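One structure is given below, encoded as structure tokens.
In this chain, numbering begins with 1 at the start of the sequence shown. Just so it is clear, the model here is predicted, and its values are computed rather than measured.
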Amino acid sequence: MTRSLFKGNFWSADILSTIGYDNIIQHLNNGRKNCKEFEDFLKERAAIEERYGKDLLNLSRKKPCGQSEINTLKRALEVFKQQVDNVAQCHIQLAQSLREEARKMEEFREKQKLQRKKTELIMDAIHKQKSLQFKKTMDAKKNYEQKCRDKDEAEQAVSRSANLVNPKQQEKLFVKLATSKTAVEDSDKAYMLHISTLDKVREEWQSEHIKACEAFEAQECERINFFRNALWLHVNQLSQQCVTSDEHPSCMRISTHPRRMQSQQESLQGLTWQGEDPSQFLKAHQMIPITLWLMTTVCSISKINETRAFSG
């Protein structure tokens, strides 16, 4: 930056006007308000993240999910619940980070508030001094103008009394004229003294105003950089949260891969095993009709033989 933006612009032709200074203060107040709003946003976001994380923890630790499953699917469910737990922990950690950033923003606001207060106290004092001295100068001006009018009236009275015979009356007019001239000289000196004092006050105010502009501009640049960095950090934290949250489902997907599920059916067969393999089962059932036919044939032959023996 080659030149100051504040001290080169915030001025007024009116010696009593503080519009330039007031505009700067208003801008700084708005900046402080914006920081407070961002701070409150971080706090509320932290509360949301923490509440969500705790709800996830309660869900993963207290809610049953496939308790009777076995083997690989059981292990996959265990991985699933562990990853849900990890995601919950990430949200709680993010809430802590957001609260820390909000705390830093609050400390920064308070630091700038104290810095501004020192400058504002100086400027308020110089503004009051300038206003008071201006009022004194204007009062001195009015007094001087009144004394001038009194002298003019005294001169006119002396001119009108030039043809008067009464010497005492003329003497009084001359004394009044002399007194009015002295009063004019005294009021003129007082007026000029107040003008000189006012000019010194103006120079002092001008110097302090420049210093205040420089201080406020430096403070505003610091605030903008701090605010921008805080916002940048917040976005990075959210981005990291997204990356971390995506890594946990990846672990879940790996644990539920079809190849890992092949032994699930084998384990089921092992737990519910009864008899031989299916080929032996089928062979046994295929022999049942033959056996029944043989038994029926043997019984028929035996009956025939018994009948012949009885007849013979």
In terms of ring plane angle, is the pair [X] and [Y] parallel, tilted or perpendicular, where the classes change at 30° and 60°?
X: H127; Y: Y21; result: perpendicular
X: F227; Y: F38; result: tilted
X: Y191; Y: Y144; result: parallel

Is there a donor-acceptor pair closer than 3.5 Å between any side-chain N or O of [X] and the backbone N or O of [Y]?
X: S12; Y: I19; value: no
X: E217; Y: L5; value: yes
X: S196; Y: M192; value: no
X: N143; Y: D139; value: no
X: S207; Y: E203; value: no
X: S180; Y: L177; value: yes
X: E50; Y: Q96; value: no
X: D188; Y: V184; value: no

(message) Set out, in order, the CA-CA distance, both residues' side-chain angles and the distance that settles side chain to side chain contact (heavy atoms under 4.5 Å, CB included) for E39 and F108, then state yes or no.
(response) CA-CA 11 Å; E39 174 191 331; F108 177 76; over 6 Å; no
(message) Minimum heavy-atom separation for Q241 and C90, please, with both atom names.
(response)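 Reported closest heavy-atom pair: OE1-O, 3.5 Å.
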(message) Can you give me the closest heavy-atom contact between R99 and A46, atom names plus distance?
(response)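 Taking R99 first and A46 second, the nearest heavy atoms are CG-CB, 3.7 Å.
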(request) Using side-chain contact (heavy atoms from CB on, under 4.5 Å) as the criterion, point out the one residue from H209, R202, E208 that pairs with Q206. (result) R202
(request) Verify the neighbour count for atom NZ of K130: are there more than 12 heavy atoms of other residues, nucleotides or ligands below 6.0 Å? (result)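 Buried by this count: over 12 neighbours within 6.0 Å.
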(request) Would you indicate whether K43, at its atom NZ, is surrounded by more than 12 heavy atoms from other residues, nucleotides or ligands within a distance under 6.0 Å? (result)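 Counting other residues, nucleotides and ligands, NZ of K43 exceeds 12 neighbours.
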(message) Can you confirm whether the side chains of D150 and Q146 place a donor and an acceptor under 3.5 Å from each other?
(response)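 Present: a donor and an acceptor within the cut-off.
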(request) Decide whether N30 and Q26 meet the rule of one side-chain donor and one side-chain acceptor closer than 3.5 Å. (result) yes
(message) Do L57 and I92 make a side-chain contact, defined as non-hydrogen atoms from C-beta onward lying under 4.5 Å apart?
(response) yes
(message) For F216 and H27: C-alpha separation, side-chain torsions, deciding distance, then whether side chain to side chain contact (heavy atoms under 4.5 Å, CB included) applies.
(response) CA-CA 10 Å; F216 289 153; H27 179 72; over 6 Å; no
(request) Using salt bridge (charged side-chain N to carboxylate O under 4.0 Å, His left out) as the criterion, point out the one residue from K111, R103, K104 that pairs with E107. (result) R103
(request) Could you grab the distance from atom CZ of R109 to atom CZ of R32, nearest 0.5 Å is fine? (result) 5.0 Å
(request) Evaluate side chain to side chain contact (heavy atoms under 4.5 Å, CB included) for I122 paired with K118, printing each intermediate quantity in order. (result) CA-CA 7 Å; I122 295 174; K118 296 177 182 179; 5.7 Å; no
